[in-house]
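None of these values were measured; they are calculated from a predicted model.
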Amino acid sequence: MKKLQIIIITLVALIAASCAPKKIVNQMQENISVVSIENITGSISGGWVITLRVENNTPYQPTLQTAEGDIYVDNTLTAHASLMAPVTLPKKNISSIDIPLELNIHNPLKALSLVLRLSEKNFDNVDLTLNATVEMMSIKKSFAIEKSSANDILKKLGYTAQ
C-alpha cells in the first residue's frame with residue numbers, strides 16, 4: 001500500500017511539473033501587452049530599432065532570443081528582418097523596449113513605401129511572417145506566425161492604434 005502511495009505521489013508531481021510550463025506560457029500571453037509603439041528609427045541600408053512600450057504583469061522576465069521574418073508591402077516581399085540581439089522584458093513593469101533589427105531589402109521601392117507608412121504608424125497592407133524563440137526560466141518556446149496582417153498581429157499583442 002505504501003509503494004502505491006509513493007507511485008501516485010510521484011505521478012502527480014510529474015504531471016504537475018509538466019503542466020507548469022504551459023501554465024506559465026498561458027499567463028504570459030494573457031498578461032503581457034504592447035501599450036504603444038513609441039518610435040521606429042533606422043535607414044533603408046542600415047539597421048532598425050523599434051521601440052515599444054510593453055506592459056508585463058507577470059512575475060517572469062521573458063527574453064526574446066531569436067526572431068526573423070519577412071515583411072510584405074502590398075503583397076510584395078519587401079524585406080527580411082532579423083533580431084540583432086536578445087531582448088529581455090522586465091517583470092511586473094511597464095517598460096520601453098528597444099528591438100534592434102537587421103534588414104535585407106528585396107524591393108527598394110516598396111521599402112521606401114514601408115518607411116513612409118511606419119513614420120505614420122500606418123500598418124495597412126503590411127503583412128509579416130515570423131519565427132521566434134522566447135526563453136524564460138530555462139524554458140524555451142519557439143513559435144511561428146504564417147503570413148498575417150501586421151495590424152492583426154499587433155492586436156493579438158494587445159496594441160490598439162492611438
Donor-acceptor pair between Asp98 and Thr51 side chains, under 3.5 angstrom: yes
Could you tell me if Ser96 and Glu38 have a donor-acceptor pair between their side chains, going purely by distance under 3.5 Å? yes
Shortest non-hydrogen contact from [X] to [Y]?
X	Y	result
Pro90	Gln61	CA-CG, 3.9 Å
Ala111	Thr78	N-CG2, 3.3 Å
Ala150	Leu128	CB-CD1, 4.1 Å
Trp48	Thr41	CE3-O, 3.0 Å
Gln65	Pro86	OE1-CG, 4.0 Å
Ser149	Asp127	CA-OD1, 3.2 Å

Check the hydrophobic clustering (I, L, V, M, F, W, Y; side-chain heavy atoms under 4.5 Å; chains of links allowed) and say if [X] and [Y] are grouped together.
X	Y	value
Leu130	Tyr72	no
Ile99	Ile40	yes
Ile153	Leu77	no
Val49	Val34	no
Val54	Ile145	yes

Could you walk me through whether Thr63 and Val87 pass the side chain to side chain contact (heavy atoms under 4.5 Å, CB included) check? CA-CA 5 Å; Thr63 298; Val87 176; 6.0 Å; no
Let me confirm one number: the [atom1]-[atom2] distance from [X] to [Y], rounded to the nearest 0.5 Å.
X	Y	atom1	atom2	result
Asn131	Glu146	CG	CD	9.5 Å
Phe123	Leu114	CZ	CG	9.0 Å
Ile139	Lys141	CD1	NZ	11.0 Å
Asn57	Glu55	CG	CD	4.0 Å
Leu101	Ser82	CG	OG	8.0 Å
Ser113	Asn122	OG	CG	9.0 Å

Residue pairs fulfilling salt bridge (Lys or Arg N to Asp or Glu O under 4.0 Å) with at least one residue in residues 59-79, sequence neighbours excluded: Asp74-Lys110, Asp74-Arg117
Are Pro59 and Lys92 side-chain neighbours, meaning at least one heavy-atom pair lies under 4.5 Å? yes
Could you give me the CA-CA distance, side-chain angles and deciding distance for Asn107 and Ile105, then say whether side chain to side chain contact (heavy atoms under 4.5 Å, CB included) is met? CA-CA 6 Å; Asn107 186 316; Ile105 304 298; 5.6 Å; no
Let me see the working for Asp124 and Asn151 under side chain to side chain contact (heavy atoms under 4.5 Å, CB included), right down to the final yes or no. CA-CA 7 Å; Asp124 294 340; Asn151 285 323; 3.1 Å; yes
Each residue besides Met84 in its hydrophobic cluster should be listed here, by chain and number; the cluster joins Ile, Leu, Val, Met, Phe, Trp and Tyr at side-chain heavy-atom distances under 4.5 Å. none
I'd like to know whether Thr66 forms a side chain to side chain contact (heavy atoms under 4.5 Å, CB included) with Leu83, so could you lay out the CA-CA distance, the side-chain angles of the two residues, the decisive distance to 0.1 Å, and finally the verdict. CA-CA 6 Å; Thr66 64; Leu83 184 66; 5.7 Å; no
Main-chain N/O of Tyr60 paired with Asn56 side-chain donor or acceptor, under 3.5 Å: yes
Give a yes or no answer on whether the side chain of His80 reaches the backbone of Gly69 with a donor-acceptor pair at less than 3.5 Å. yes
Look at atom NZ of Lys91 and say whether more than 12 heavy atoms of other residues, nucleotides or ligands are closer to it than 6.0 Å. no
